[in-house]
S.K.: 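Just passing along the structure, written as structure tokens.
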Amino acid sequence: MDRSLPPLRLLAVFEAFVRTGSVQRAAADLNVTQPAISQSLRLLEAHLGTVLLDRRSRPAGLTAAGEILRGGVDEGMGRIARALADVREAGRRRDNAVTIACTLGTATYWLMPRLAAFYEAHPAIAVNVQTTAGLPGFQHGVDLVIRYGHGRWPDGISTRLFADWVRPVCSPAARARLLAAGDLAATLATTLASAPLLHVESEDSSWLTWPQYLGQHGFARAGNAPERRFPNYVLATQAALAGQGLLLGWESNAGDLIREGRLEELGAPPCHPAEAFFLTLPVGGLSPAGEAFRDWLVGQFG
């Protein structure tokens, strides 16, 4: 605190005196005695080294110095009042909002299309979505986390939402071009050996990659076959929608696009990873808004 400032209780007494217009009313407003008010005003004058009250009049008025201080106190108290109102409003918004973190692909293709149903059930609650490139965590302000993995994370309590499947997908036009003729099994082997593959670069080793998929099913890859790499699932999906190659489609991210006919399964066998999607809650509990969103989200798979 600035040592040149007088004790704040003295400024509060001065503000009450100016606002009420007399020592008597200031004492009643602050629930103290009149002598206590008079003493505080004299202590304030002593601290500032100047006279603030013209005591020759009844009731006492303000000197020129008192008028200057009144302007500063009025402005300061006004700022404090506005700040307190902002704090209360922030608390009110926090009570009616929940922040959930997940990967960009999960947010874009799975969570966002389903939020409309939540808002229909809970129109007063706002859901803020934070996206991450890697495994989501409880950064500042995050209430809930959707993660893919084993479910044993030490920073919260995880509830399994759903398992997933993975299989090659592409645009309808690309599929028609790649599988134009021939026996499907033979054509699949040829296609997976030579078609452009769309890779998502991720530091998270739990996500299935093209080399892992091809190895599990015994498909070989030609050495000169084109490989296209993207920093996240959203860009890779857009490339697949544009017919640029084959994508490893996860039900969680590509399922709606397949049902809409915008992507199609190539016809290759699926993989069912051992990992699953989990909702992770903080150990310290949730706000009422967070509890409502958790219950709704878990209820989608009940």
Side-chain angles (χ1 to χ4, degrees), residues 1-101 119 122-130 137-145 154-157 280-295:
M1 180 181 292
D2 187 344
R3 296 298 180 182
S4 66
L5 288 175
L8 294 182
R9 62 180 179 83
L10 301 183
L11 292 175
V13 169
F14 179 78
E15 186 276 335
F17 170 79
V18 172
R19 175 167 44 81
T20 61
S22 72
V23 170
Q24 180 181 7
R25 287 191 289 271
D29 185 76
L30 298 177
N31 196 27
V32 297
T33 64
Q34 294 183 44
I37 295 292
S38 297
Q39 181 183 26
S40 294
L41 292 172
R42 292 189 183 279
L43 287 173
L44 180 60
E45 290 176 323
H47 183 93
L48 298 175
T50 189
V51 176
L52 301 173
L53 273 63
D54 182 357
R55 295 176 175 82
R56 295 173 298 178
S57 61
R58 290 291 183 272
L62 295 177
T63 64
E67 290 290 350
I68 294 173
L69 183 60
R70 175 168 65 175
V73 169
D74 285 347
E75 181 181 356
M77 290 298 183
R79 288 186 177 182
I80 292 173
R82 290 191 294 273
L84 291 173
D86 290 343
V87 168
R88 294 188 185 98
E89 175 62 17
R92 187 194 66 77
R93 289 195 300 268
R94 187 169 56 250
D95 290 340
N96 291 286
V98 58
T99 298
I100 186 164
Y119 286 136
H122 302 276
I125 298 177
V127 179
N128 305 312
V129 181
Q130 288 190 9
F138 285 101
Q139 291 86 7
H140 178 69
V142 172
D143 301 300
L144 294 164
V145 174
D155 60 346
I157 302 169
T280 303
L281 286 62
V283 177
L286 294 169
S287 67
E291 291 179 352
F293 188 67
R294 174 205 59 195
D295 293 345

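In what follows, residues are counted from 1 in the order of the sequence shown. Keep in mind that the numbers below use all heavy atoms, side chains included, and drop hydrogens, waters and symmetry copies.
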S.K.: With sequence neighbours left out, what residues match Arg25 under salt bridge (Lys or Arg N to Asp or Glu O under 4.0 Å)?
M.R.: none

S.K.: Distance from Glu15 atom CD to Leu69 atom CG, nearest 0.5 Å?
M.R.: 11.0 Å

S.K.: Within this structure, what is the CG-CZ distance for the pair Leu10 and Arg42, rounded to the nearest 0.5 Å?
M.R.: 13.5 Å

S.K.: Take atom CD of Gln139 as the centre, draw a 6.0 Å sphere, and report whether it contains more than 12 heavy atoms from other residues, nucleotides or ligands.
M.R.: yes

S.K.: Looking only at heavy atoms, what is the nearest atom pair of Phe17 and Leu62, with distance?
M.R.: CE2-CD2, 4.3 Å

S.K.: Quick one, Glu45 and Leu53 - any side-chain contact, counting heavy atoms below 4.5 Å?
M.R.: yes

S.K.: Which distance, rounded to the nearest 0.5 Å, do you find between the CD of Gln130 and the OG1 of Thr99?
M.R.: 6.0 Å

S.K.: What pair of heavy atoms forms the shortest contact from Val145 to Val142, and how long is it?
M.R.: CG2-CG1, 3.8 Å

S.K.: Contact between Thr280 and Ile157 at the side-chain level, heavy atoms closer than 4.5 Å - yes or no?
M.R.: no

S.K.: Which heavy-atom pair separates Gly156 from Val283 by the least distance, and what is that distance?
M.R.: CA-CG2, 4.0 Å

S.K.: Return the CG to CZ distance between Leu52 and Phe14, rounded to the nearest 0.5 Å.
M.R.: 5.5 Å

S.K.: Decide yes or no for Ser287 and Val98: does some side-chain heavy atom of the first lie under 4.5 Å from some side-chain heavy atom of the second?
M.R.: no

S.K.: If you count every heavy atom of other residues, nucleotides or ligands that lies below 6.0 Å from Arg55 atom CZ, does the total exceed 12?
M.R.: yes

S.K.: Whether the side chain of Ser40 engages the backbone of Val13 through a donor-acceptor N/O pair (distance < 3.5 Å, no angle test) should be reported.
M.R.: no

S.K.: Once rounded to the nearest 0.5 Å, what's the spacing between atom CZ of Phe293 and atom CD1 of Ile125?
M.R.: 9.5 Å

S.K.: Mind listing the closest non-hydrogen atom pair of Leu286 and Asp143 along with its distance?
M.R.: CD2-O, 3.5 Å

S.K.: Taking all non-hydrogen atoms of both residues, which atom of Val23 and which atom of Gln34 are closest, and how far apart?
M.R.: CG1-O, 3.6 Å

S.K.: For the residue pair Leu281 and Phe138, what are the closest heavy atoms and their distance?
M.R.: C-CZ, 3.7 Å

